[in-house]
Q: 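Let me give you the structure first, and then I'll get to my questions.
What you see is a predicted model, and the numbers here were worked out from it, not measured in a lab. We name chains A, B, ... by the order of the sequence lines, and we start the count at 1 in each one.
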Amino acid sequence: MAAQVDTSPAGAAAKPRAAWHRRLKQVLPTSDPFAVAGILIYVVFILVAIFADQLATHDPMEILFTDTYKLARSLPPGPDHLLGTTNVGRDIYSQLIYGTRGALLIGFAAAAAVVAVGTLVGLVSGYLGGWVDNVLMRLADIALGIPFLPFVVVLAAFLRPSMWNVVFAITILLWPNSGRVIRSQVLSVRERAFVEAAVVTGASKAQILFVHIAPNVLPLSFLYGSIAVGWAILTEASISFLGFGPSDTVTWGYMLQDAYASQALSRGHYNWFVPPGVCIILVVLAGFFITRGYEEILFPKLRR
Amino acid sequence: MALLSIEDLSLHYVTSRGVARAVDGASLSVERGQVVGLVGESGCGKTTLARAVTGVIPRSARIVGGKIMFDGMDLVTASRRDANRLRWREISFVPQSAMNSLDPVYRVGTQLMEVLTDRGGMDRRKAKARAAELFEMVGIGVDRLHDYPHQFSGGMRQRAAIALGLALSPKLVIADEPVTALDVVVQRQVLDLIRRLQQELSLSVIIVTHDISVVAYLCDAVAVMYAGKVVEVGRAADVLNAPDHPYTMGLYNAFPDLERSQRRLTPIAGAPPSLIDPPSGCRFEPRCPFSIAKCGEEPPLEEIRAGHRAACWRTGDAAELREKAADVATWEQREGVGA
Amino acid sequence: MSEALLRVDRAAKHFRVSRSIGDVFAGRHRVVKAVDGVTFALGKGESVGVVGESGCGKTTLGRMLLKLIAPSEGAIEFDGVDIATLSGDALLDFRRRAQLVFQNPFDALNPRFTIKSALAEPLKNTHVPKGEHEARMLEAMQRVRLQDVEAYYGQYPHQLSGGQLQRVVLARALVLEPEFIVADEPVSMLDVSVRAGILNVMREIGEEMGIAAIYISHDLALVRYVCSRTITMYLGMVVEDGPTEEVVRRPQHPYTQALVKAVPTPHLDQSHDELPIRGGMPNPLNPPSGCRFRDRCPYAFARCAEETPPLRQVAPKHFAACHLHDQAA
């Protein structure tokens, strides 16, 4: 038995701020310390991505030479090159900064696309039911049956390995997960009394779907969005590592692939492959921390 | 000596908004073979108090004071082992939703057997015989031991939960809202079952309920709780026929009664106070139509006549108040609080 | 009861269920007759209680009356029009005139809507002119005795108690100034001390506002408090229909007799006799032949197994479906 909440309507003094705070809490989980840490990590990476031009010391793809006109190859970290240089004389620190931009762009673009498609499909499928539901869910089954990495590799290669094609491929493969979960959530929200109340008071189908049901499944969309960011960044890293990544952008995956192909590992060039690896881990981890926060919003019983 | 006596028990919950005093200095005693009703609204602490006796309290709850004496042993200070042994064998708890006490993936009989063998230390043959005996006792066909909980109706689940509670022949059974989710006919059948078993096995029973008709039907004694405190306690006949606390009067007059037909029901205005920041004086004062200046101080639970105690400053005028309490207008003057 | 607002003519609702995995693969269905041939009429401003145990079909019936579930058979007429034919503006007009009060107030309001927007929504949906909104909402809030209206308006449902929420739910139904309300166990989730307030409002709705109401409950005492007429249902069928006082004092169907005896009362001197009813609800997939109550009935005789008893008049305006009342026999 929970403690009785103060129910007096007179306690509505600090209303405006509370309403604003509530709104924020629906979109961002701010009560869980892990989620806050995740959000902070994201904020740092986003700032880095935005101010990449200011933060980078060199062009990431420029082949650099020393003052003595020798190729600046495999230099150790130092004041000129904060993280040293690659074996063909590119600045690792600048690559990492621009790589952040590339990885986040792919991550967020893919996540946004996955959430948009998944939420829309889930809403329509769950609410309308019938043949619409059947068609959409069989499509989802097909998409889920496709082996993930080979498909992305083939599609990216087939459509030219550009950043947007990677995003496209990831979207096609990831929407069914969020779509199905949101559909099942819609099925349960649809049965709740306030939805029936909306029907009885004359609300139209569109109103019921978008005004009453959608806001109540949105936290779940965000949850899947935060998972998708991590997945997309990992996927991009994987295909880049395999050498099928976007050729037009520097990303962390590209850096790892470059380092691997140049045998940086066996030569002990930790300054080359550790930073992008750590960044990938951090972003993915941050995504899961935020996910945890959403879970607490969605399933309050998980709270201790 | 009473079988169970709870003395001045306080139990607090730590919540994100502060400490909630869910049970605040509650006292209650249960004699051998007695049926005691613990009545109150949701959030009044009745379930928490009952659970404190069984030791099944949430992790955020702390017993901060008082004693729970069971058969001469204080369960609050006793070692975990001693207390648990008592709790499993001599005190049993039948939770509110019968579905909660039955695991949906195991057969009902299997679950009953598990309690008998694991906690009761019986061998399988003995346990099997006992399980059959228990089902017979609660009026379910022995062949239904092989069923899963979902194959049972609501009433049968409640019976099975009672069988589970009686498995180890406890001295004290605590039933939390045993008939709340049930239809009237089934409700009556379950109450009759509890009554019959109580008499046959001379059990002591605590019935936690929000429904005074359950008390009227079944209980020898009753304790009325409000906002974490016991506000009135006594023989069921005394408390129901001549309540001394305005809250008890209100509860009684709010109850729709088939026998006294068109009498207007009197709602109690407002809602129970926050347990985090309760009123400093009498906790019922904000909703009470009879409050006086003195109510700003907390009234003690005092003996008014033999075996009947109430926590109200105006027990002296109780007869007059009872008359006024039966009138809707008395309560409506405070209805602006918004029930 | 000169003019009928609502006419229910042999309405039935059958649900198909697949019971086992075998059924699913074989594409077999079994049919549950949740409501099976219910006929009655409701006059303007009349309040009727529908009592029965869970599974008797009373909730399904309530949903059918509001066109939330379509009947499998039979017809439901509201103000002379079969509601199955309603669509578009006519349906919207019906929605305005017929409202529902829910069992669970904690779920009946969208958690993301403030009380004000929850109250305004029905008005917007049914195209009530915007200028009338404030006055209508204020009136409804006063009707359900929620004073300090402005303070409530800004609140979200989770900030209110069960009793307050149920009053808001009632107010939301009343803003449309309906002619007909279905209330499905509106107090079963509430504490006793706040129940009375809701019941008093329910009573006023009938007595002062002249709104016709169907009050669904398993508790005859509640129905008696609110309704002038009572219908008893058992396994999808109406077994008794009559003035509430008559039904309570002189129940004619053995099932209603058991229900009356089972009603909880707060008196100590009540009877502890065993109820005149045996066992539990039969499986609705496989109800007994003839009278559906016969295997629980203490008076059952041979004819009960052979023939389903029709509703027969036993007193003025009082009907019961029991062979014991067949004068001819």
Q: In terms of heavy-atom proximity below 4.5 Å to chain A, should C:R63 be classed as side chain, backbone, both, or neither?
A: side chain
Q: Most heavy-atom pairs under 4.5 angstrom with chain C, which of A:S204, A:A198, A:G202?
A: A:G202
Q: Parallel, tilted or perpendicular: which one describes the rings of A:F194 and A:H212, with boundaries at 30° and 60°?
A: tilted
Q: Is C:D79 paired with C:R97 through a side-chain N to carboxylate O contact shorter than 4.0 Å?
A: yes
Q: Do the side chains of A:D141 and A:R180 get close enough for a salt bridge, i.e. N-O under 4.0 angstrom?
A: yes
Q: Does any backbone or side-chain atom of C:L92 lie under 4.5 Å from a heavy atom of chain A? Answer side chain, backbone, both or neither.
A: side chain
Q: In terms of heavy-atom proximity below 4.5 Å to chain C, should A:V211 be classed as side chain, backbone, both, or neither?
A: both
Q: Tell me, for C:A118 versus chain A, whether the close heavy atoms (under 4.5 Å) come from the side chain, the backbone, both or neither.
A: neither
Q: Looking only at heavy atoms, what is the nearest atom pair of C:L123 and C:M137, with distance?
A: CD1-CG, 3.9 Å
Q: Given a strict heavy-atom distance threshold of 4.5 Å, which part of A:Q207 is in contact with chain C: side chain, backbone, both, or neither?
A: side chain
Q: For C:F78 and C:F94, take the angle between the two ring planes, folded into 0 to 90°, and tell me which bin it lands in: parallel under 30, tilted 30 to 60, perpendicular over 60.
A: perpendicular
